[in-house]
Amino acid sequence: MLYLNEPINIIMVTYHRINDFKKCIASIISNTTVPYRLHIIDNSQNEIDEALNEYSHFSHINIIKNNQNIGKAKSVNKWYKRIMVKDKTGLFVSIDSDIIVDKNWLCKLVKSYHIINAKSKMGILAPVIKNNQVETWDWQLNNVIRMHNVRGLGDDRLCGGVYYNRYTAGPLFLINKRLFEAVGKFYDKQLYGADDGKLCKAANDAGFFVGIDTKVEVIHSNLGSDEEYDQWKMRNIKGDVDIGGRWDQPISE
């Protein structure tokens, strides 16, 4: 199949937190069984060069440096055109640097994407994002995790194990290139926050399918997180970033 033979672009933005992104990259290298190109966009102003140099000999890993921290959304938007110039798949992955993927994660997501796309207008597909091994899909539903706003739960006939979800967590997205470009890419008015919620809203407004593939589970590691980083992150979240999927509530700009 063409979509499994052509390299898929994976875009990762880093900002310090060496333990996180090294674990993330190691899991991608070990567990990605389809052709891919990993583009690491570094916002750390040369502070993690030594760690990044470990990947400089990989022909399928591209390291890009920003002169200052401009955040995830602006970083992806800034370099997107250059990264996607040779794309033949019509999709790409946006992944946070603190995600640990499991075996065949990308192959499973891409297969589900194309099965759904043959029957519906596919926009965004995400895996189940877990903070630990306990938080399976069923556990998250039973504990009413706010990110899930599932419609037609129990009716996953489009593709076994995939559910429509008007909002899904942004640490890992498989994104329709056409959708991304049509809506103006990521929302980038804030240094942190709202980019994933805005993209899901735009996809829903345009009639694209947004969903979760429950056959794919990844770990949100936060190995390098500390109190200073968490405070920095919270300072840069302004207003309601719609983590509950309540699109009638405006996002502060």
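Linking Ile, Leu, Val, Met, Phe, Trp and Tyr residues whenever their side-chain heavy atoms come within less than 4.5 Å places Ile175 and Ile83 in a single cluster.
Residues satisfying the ring-ring contact (aromatic ring centres under 6.0 Å, His included) criterion with Phe173, sequence neighbours excluded, are absent altogether. With sequence neighbours left out, Tyr80 forms a ring-ring contact (aromatic ring centres under 6.0 Å, His included) with Phe92, Phe180.
Under a 3.5 Å cut-off, the side chain of Ser27 and the backbone N or O of Cys24 do form a donor-acceptor pair. Checking side-chain atoms of Lys121 against main-chain N and O of Ala206 turns up a donor-acceptor pair under 3.5 Å. Between the side chain of Ser30 and the backbone N or O of Ala26, at least one donor-acceptor pair lies under 3.5 Å.
Inspection of the Asn43 and Asn66 side chains reveals an N or O donor paired with an N or O acceptor under 3.5 Å. Residues Ser97 and Asp20 have side chains that never bring a donor and an acceptor to within less than 3.5 angstrom of each other. For Thr136 and Asp138, the side-chain atoms include no donor-acceptor pair closer than 3.5 Å.
Trp79 places none of its side-chain heavy atoms less than 4.5 Å from the side chain of Ile11. Inter-residue side-chain proximity for Ile219 and Gln133 is flagged as met; some heavy-atom pair is nearer than 4.5 Å. For the pair Phe186/Leu199, a side-chain contact is recorded, criterion being any heavy-atom separation below 4.5 Å from C-beta on. Looking at Val162 and Phe209, their side chains come closer than 4.5 Å, going by heavy atoms from C-beta outward.
The environment of Asn67 atom CG is sparse: at most 12 non-hydrogen atoms of other residues, nucleotides or ligands sit within 6.0 angstrom.
The existence of a salt bridge linking Lys65 and Asp49 is confirmed by a sub-4.0 Å separation between a basic side-chain nitrogen and an acidic carboxylate oxygen.
The CZ atom of Phe21 sits 4.0 Å away from the CD1 atom of Ile48 when rounded to the nearest 0.5 Å.
Among pairs with a residue in residues 204-218, those fulfilling salt bridge (Lys or Arg N to Asp or Glu O under 4.0 Å) read Lys130-Glu217, Lys201-Asp205, Asp213-Lys215, at least two apart in sequence or across chains.
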